[in-house]
Protein chains: 2
Amino acid sequence: MTLKRVAEIAGVSIATASRVLAGKGGAHRISEATVAAVTQAAEKIGFRHSHLARSLKSGQSALIGVVVPDVSNPFFAAIAREITLAAEAKGYSVLLADSREDDASERRLVQQLRDRHIEGLVVCPAGLKQDHLAAAQDAGLPLVVVDRGFADGDLLTVTSDHAQGARALAQVLLKAGHRHIGVLQGRPGTLVNDERLAAFKAALASDGVRLTAAHIAGDAFSEVSGRRAAATLLRAKPQITALFALSNQIALGALRAAAELGRVVPRDLSLATFDDLPHAEFMNPPLTTACQDVPALGRQAADLLFARLAGVPRPRTRLQRISVTVIERASVTAPSTRKATT
Amino acid sequence: MTLKRVAEIAGVSIATASRVLAGKGGAHRISEATVAAVTQAAEKIGFRHSHLARSLKSGQSALIGVVVPDVSNPFFAAIAREITLAAEAKGYSVLLADSREDDASERRLVQQLRDRHIEGLVVCPAGLKQDHLAAAQDAGLPLVVVDRGFADGDLLTVTSDHAQGARALAQVLLKAGHRHIGVLQGRPGTLVNDERLAAFKAALASDGVRLTAAHIAGDAFSEVSGRRAAATLLRAKPQITALFALSNQIALGALRAAAELGRVVPRDLSLATFDDLPHAEFMNPPLTTACQDVPALGRQAADLLFARLAGVPRPRTRLQRISVTVIERASVTAPSTRKATT
DNA sequence: ATGAAAGCGCTAACAA
DNA sequence: TTGTTAGCGCTTTCAT
């Protein structure tokens, strides 16, 4: 099934076969008879170009890499999908890797992808370190970071407008009359966490509500962290009437913790969250969320990457923001006067 | 950054550099000095083997393909993840493709992956045709179909025990006292749909409940289909007290339709579903489902594929079943006597 | 203990 | 209009 075989059958040289099959018959003024012979021979043995050989020869793999912390998380899956669809449309294939939220794995995977000659990379970093990514970029690899960016450094990043979302959610809670608010944070030190937290805090402060360290708990964007943090906060500060969960997973954990402590949402406790959950509207209760436009994140990342692959220079602004939509549902109500029991 | 460069720097031949870097220094009794020189040279310029060149030479790409109808669907995402993790553990990389539930796209993508010399393929088919897959398998490509199998043919398939789940769900509905039951089916002609439907029908029949064509609606495993089908059924047969949705998406559509028709689940209408939904327990109402073990589906598919890649012969039984767990939640209750209004 | 050379499948510059 | 040849980066026989 090689070009050589086709050439043999057609009784021409490999070069001629190559030219014909590349559609360059006209440009090279190859005789119709030859073209026909080659075409038929190729047809007959079901010839297909070896992408491998072509890549080696041309130096172009038409491959891009996508690295996410957890493919099965609908949030990352949606991003991966947009990139995949865009790639297919542009004639690229996608190498997918799952870092399992592990920095070391991510490093390994990125290296592995580079060894495979990817022409571009989209990554949602699992950790706080970016040197391996900076190295890749410095080595000339077009790179786009998505969702989890870094506050410093020089990596082109597509992420939501976390501050906007957090502020809006703060308004919702304040408007409802909450003054004792707890925050279930994700991983401190990450841009996503810190931006959301800072903006939320600032918004509360401008309304005279102070958010002390004692009102903040949690250490990861996970359900377990959310659950533990919620339990801690609700036990230590029973006067808390509303929780702000920095992610959907955290919110789920909060719902669990609330149920375990016998606090009914939203009757005894309001809950607002940054979301990536599909079907949040069908949840019990339907969650008030700052809804990220996940497909847009993926699409924008893909667009930026393919623009760079097409030679378009990097945009000036390093952090590309996708705006967030706050959807008010039933999980936030006015604080009840009922004294919570633990 | 090529072997040639390393050889130059180390002052040895390419062959020697290759041997050293392949860790075959010992086997070839290469002098320590040479080994050191090569190693240092490689280190110095950050040498990495070109996977491309290696693949071309060896004929082994260490690449597998995964094709699913929709990467962003948590069900397929979970399957893709398990395969990805297994692949990484075995030293393979994964080429991911999204067929967008489109048969023609799938064909194209499969071909594309084959052109890239994948060594194995896992696919969840989008359509009813399997000739392109059979062709790939006949061409010697190790292939595993996951979830959506075919009733006939010879493709090794990992799928849930649909009959078992459907029977169990039928029991639940019958036990609750339902006699007027509607089925919201997925795509007729697919193994998944037909097995679930047949088993459900049979289970009802053995209890004396007849399921006529007038009690069955729907044409796709999608929310829109579920919504339309539910609306149709509930309008045409208001006496229906329970619906069986053949998938989570369909169930979501059913919930919408029920809400639109003013029927409260489960008070006015019970709902049972085949599920792949995460967080079904937090839904309103929490859904009674036949819960598929999605990670197990992916894991089993990966295991079978890598076993074949390791030379283990294909198992005798073509259809590998993963058992399903019925979880009874609040969406099924005894039928109300209240006359439904449209 | 090391090197020369062939070849994996393909493309393209150069010849004819 | 077609063929010869070199070479992409690597591994591996076969020499030495």
Side-chain angles (χ1 to χ4, degrees), chain A residues 1-42 45-63 91 112 114-119 139, chain B residues 1-42 45-63 91 112 114-119 139:
Chain A
M1 254 231 4
T2 70
L3 205 45
K4 189 173 162 198
R5 195 82 195 82
V6 174
E8 281 171 11
I9 296 180
V12 299
S13 73
I14 299 182
T16 301
S18 172
R19 292 192 266 249
V20 172
L21 264 13
K24 291 182 183 158
H28 286 263
R29 302 195 267 171
I30 295 179
S31 76
E32 294 212 353
T34 308
V35 170
V38 171
T39 312
Q40 278 174 31
I45 66 170
F47 172 79
R48 304 245 82 213
H49 282 97
S50 162
H51 218 299
L52 226 48
R54 270 192 162 170
S55 297
L56 183 59
K57 175 73 188 167
S58 69
Q60 316 231 265
S61 63
L63 230 39
Q112 207 168 287
R114 293 179 65 188
D115 291 349
R116 287 205 185 257
H117 298 255
I118 49 170
E119 293 179 28
Chain B
M1 252 233 1
T2 70
L3 205 45
K4 188 172 161 201
R5 194 85 194 79
V6 174
E8 281 170 13
I9 298 180
V12 299
S13 73
I14 298 181
T16 301
S18 172
R19 291 193 264 252
V20 171
L21 263 14
K24 292 183 183 156
H28 286 262
R29 302 192 271 172
I30 295 178
S31 76
E32 294 212 353
T34 308
V35 170
V38 171
T39 313
Q40 279 173 30
I45 65 170
F47 172 79
R48 304 245 83 210
H49 281 97
S50 161
H51 219 298
L52 227 48
R54 269 192 165 170
S55 296
L56 183 60
K57 177 73 188 162
S58 69
Q60 317 230 266
S61 64
L63 229 39
Q112 206 167 289
R114 292 179 65 187
D115 290 348
R116 286 205 186 256
H117 296 255
I118 50 170
E119 294 178 28

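In what follows, chains carry the letters A, B, and so on, assigned in the order in which the sequence lines appear, proteins first and then strands, with residues in each chain numbered from 1. Values in this document were obtained by computation on a predicted structure and should not be read as measured data.
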Table of protein N/O atoms under 3.5 Å from nucleotides 2-5 of chain D N/O atoms:
from  : atom 1 : to    : atom 2 : distance (Å)
D/dT2 : OP1    : A/S31 : OG     : 3.1
D/dT2 : OP1    : A/T34 : OG1    : 2.4
D/dT2 : OP2    : A/S31 : N      : 2.7
D/dT2 : OP2    : A/T34 : OG1    : 3.2
D/dG3 : OP2    : A/S13 : N      : 2.8
D/dG3 : OP2    : A/S13 : OG     : 3.0
D/dG3 : OP2    : A/T16 : OG1    : 2.7
D/dG3 : N7     : A/R19 : NH2    : 2.4
D/dG3 : O6     : A/R19 : NH1    : 2.9
D/dG3 : O6     : A/R19 : NH2    : 3.1

Self-check item: Within residues 47-55 of chain A: residues closer than 4.0 Å to DNA chain D (heavy atoms)
Solution: none
Exercise. Report the residues that fulfil ring-ring contact (aromatic ring centres under 6.0 Å, His included) with B/H49, sequence neighbours left out, ordered by chain and then residue number.
Key: B/F47
Quiz item: Between which nucleotides of DNA chain C, read 5' to 3', does contact with chain A run, using atoms under 4.0 Å from its heavy atoms?
Solution: C/dG9 to C/dA13
Quiz prompt | Any B/K24 side-chain N or O less than 4.0 Å from OP1/OP2 of D/dT12 | solution = yes
Quiz item: Who passes side-chain contact (heavy atoms from CB on, under 4.5 Å) against B/L63, sequence neighbours left out?
Solution: A/L95, A/R116, B/S61, B/S93, B/L95, B/I118
Quiz item: Please give, in whole Å, the distance from D/dG9 C1' to B/E8 CD?
Solution: 13 Å
Quiz item: A/L52: what forms a side-chain contact (heavy atoms from CB on, under 4.5 Å) with it, not counting sequence neighbours?
Solution: A/S50, B/L52, B/S55, B/H117
Quiz item: In chain order, what residues pass the side-chain contact (heavy atoms from CB on, under 4.5 Å) check against A/R48, with sequence neighbours excluded?
Solution: A/M1, B/Q111, B/D115
Quiz item: Between D/dG9 atom P and B/L21 atom CG, what is the distance in whole Å?
Solution: 15 Å
Contacts under 3.5 angstrom, residues 6-23 of chain A side chains, donor-acceptor by atom type, not counting sequence neighbours:
from  : atom 1 : to    : atom 2 : distance (Å)
A/E8  : OE1    : A/R5  : NH1    : 3.1
A/S13 : OG     : A/A15 : N      : 3.4
A/S13 : OG     : A/T16 : N      : 3.2
A/S13 : OG     : A/T16 : OG1    : 3.1

Quiz item: To the nearest 10 degrees, what angle separates the axes at the start and end of the helix from C/dA1-D/dT16 to C/dA16-D/dT1, five pairs each?
Solution: 50°
List, one per line, each side-chain donor-acceptor pair under 3.5 Å for residues 30-38 of chain A, sequence neighbours excluded.
from  : atom 1 : to    : atom 2 : distance (Å)
A/S31 : OG     : A/T34 : N      : 3.1
A/S31 : OG     : A/T34 : OG1    : 2.6

